[in-house]
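Whatever order the structure lists ligands and atoms in, that order sets their numbers, starting from 1.
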Amino acid sequence: MADLKLLFEAILKGKQKDAVEITQQAINENIAPKELIDNYLIKAMEEIGSRFEQQKAFVPELLMAGRAMKSSLILLQPLLKGGDEKSGLGTVVIGTVKGDLHDIGKNLVGSMFEGCGFQVIDLGVDADSDKFISAVKEHQPDVIGLSALLTTTMPYMKTIIDALEEAGLRQQVKVMVGGAPVSAGFAAEIGADGYSDSANSAVVRAKELLGITH
Ligand code: B1M
């Protein structure tokens, strides 16, 4: 049986190969992807983050842990998609805002949207307002999802909302924001329509905003 404590350890220590092997073993044993993500992948990232804060870990360790987590996530993503698939709920344009390179949480949120039947256009990291404006014009999304992990990049979320206003596009799209330092209060302050603190609740909130009841 897969020893999931070793999955936590593998991600924490940035051992990509071990993380992949244990994740695959857990998948073979039908352990729910959500359990793996919530209780081991995210927990390991929280732990490395707290060590970083206490200067017990440094950027290379963050990077290696991030890489290990991503590799596990890649294996789990197709299974999330298979979850409770419904088609055509709407289109979501998602991205990590300008100046910010953190994409693990954003990828998770995107996967969850896809898994629940939304079409997802991922603008990647370091996405500026022009990129979002062009994507809104091209894809006519129902929701824009902005992710930020740094207190220094959070304000750029407002820059994007202001740019949507200026382009006359704000009324046609719901804007959702999230990421560890973002709060409901901040979301309200910058004029976002919705906020959530996790990938699951992001989908629930988006459905509420769009009046989707199933
Ligand atoms: Co960075 N980093 N990092 N980092 N890093 C944090 C964010 C930090 C909190 C670490 C710390 O000090 N404890 C700190 C920010 C401090 C602050 O701003 N207050 C920090 C720092 C300082 C930095 C650098 C400046 C370090 C340096 O170079 N000196 C640098 C900045 C680079 C840049 O972006 N310009 C940097 C770099 C990096 C790496 C590249 C090494 C790596 C990123 C790898 C990658 O993403 N590809 C990294 C990592 C891994 C982290 C930590 C450890 C983990 C982040 C993560 O992936 N968490 C992080 C510490 C921490 O958060 N504990 C840290 C797991 C992920 C699943 O959670 O992203 O919160 P999260 O997403 C959640 C929710 O927030 C929510 O759902 C997700 C799933 O549940 N959510 C949304 C996210 N987006 C959403 C959008 C929504 C809704 C919900 O709607 C659209």
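Note that atom 40 (C) of ligand 1 has protein non-hydrogen atoms nearby, at separations under 4.0 angstrom. When distances from atom 59 (C) of ligand 1 to the protein are checked, no heavy atom turns up under 4.0 Å. Remark: atom 8 (C) of ligand 1 lies closer than 4.0 Å to no protein heavy atom. Protein heavy atoms are absent from the 4.0 Å sphere centred on atom 24 (C) of ligand 1.
By heavy-atom distance, the residue among A202, A180, G105 lying nearest atom 75 (O) of ligand 1 is A180. Considering A44, A65, G179 only, the shortest heavy-atom separation from atom 81 (N) of ligand 1 involves G179. With D100, V203, L41, L108 as candidates, the residue nearest to atom 67 (C) of ligand 1 on a non-hydrogen basis is L108. When the heavy atoms of M45, R205, M69 are ranked by distance to atom 50 (C) of ligand 1, first place goes to M45. When the options V93, T151, I42 are ranked by their closest heavy atom to atom 17 (C) of ligand 1, first place goes to T151. Looking at G110, A206, G178 and measuring to atom 86 (C) of ligand 1, the nearest heavy atom belongs to G178. Evaluated by nearest non-hydrogen atom to atom 47 (N) of ligand 1, the leading choice among V177, D103, I48, I37 is D103.
Across all non-hydrogen atoms, the minimal contact from V120 to F113 is CG2-CB, 3.7 Å. For the residue pair A206 and V143, the shortest heavy atom distance occurs at CB-CG2, 4.4 Å. Pairing each heavy atom of S129 with each of A163, the nearest pair is CB-CB, 3.8 Å. Taking all atoms of both residues into account, the shortest heavy-atom contact from V136 to I144 is CG2-CD1, 3.4 Å. Residue V109 comes nearest to A202 through the heavy atom pair CG1-CB, 3.9 Å, listed as atom of the first residue, atom of the second, then distance.
The protein atom (non-hydrogen) at minimum distance from atom 33 (C) of ligand 1 is L101 N, 3.5 Å. Protein heavy atom at the shortest distance from atom 35 (N) of ligand 1 is G99 O, 2.9 Å. Among protein heavy atoms, the minimum distance from atom 44 (C) of ligand 1 is reached at I104 CD1, 4.3 Å.
Atom CD of E29 has more than 12 neighbouring heavy atoms from other residues, nucleotides or ligands inside a 6.0 Å radius. Atom CD of Q54 has more than 12 neighbouring heavy atoms from other residues, nucleotides or ligands inside a 6.0 Å radius. The local environment of NZ in K15 is sparse, with at most 12 non-hydrogen atoms from other residues, nucleotides or ligands closer than 6.0 Å.
Looking at V125, T153, D128 one by one, the single match for side-chain contact (heavy atoms from CB on, under 4.5 Å) with K98 turns out to be D128.
In summary, the atoms of ligand 1 found under 4.0 Å from a heavy atom of D197, numbered by their order in the structure, are 74 (C), 76 (C). Atoms of ligand 1 lying under 4.0 Å from any heavy atom of G145, numbered from 1 in the order shown and given with element: 91 (C). Those atoms of ligand 1 with a heavy atom of V109 less than 4.0 angstrom away are 77 (O), 81 (N), 82 (C), 85 (C), 89 (C). The L146 neighbourhood of ligand 1 comprises atoms 86 (C), 91 (C), with distances under 4.0 Å to a heavy atom of that residue. Listed by number with element, the atoms of ligand 1 under 4.0 angstrom from any heavy atom of A199 are 77 (O), 79 (C), 80 (O).
Around atom 1 (Co) of ligand 1, the protein contributes the following N, O or S atoms under 2.8 Å, ordered by chain and number: H102 NE2.
Distance CG/D103 to CG/L123: 12.5 Å, rounded to 0.5 Å.
Using a 4.0 Å cut-off between charged nitrogen and carboxylate oxygen, D193 and R205 do not count as a salt-bridge pair. Salt bridge K13/E9: present, at least one basic N to carboxylate O contact under 4.0 Å.
Some N or O of S147 is nearer than 3.5 Å to an N or O of ligand 1, by distance alone. Distances between N or O atoms of S196 and those of ligand 1 include no value under 3.5 Å.
By the 4.0 Å heavy-atom criterion, P181 is excluded from the residues contacting ligand 1.
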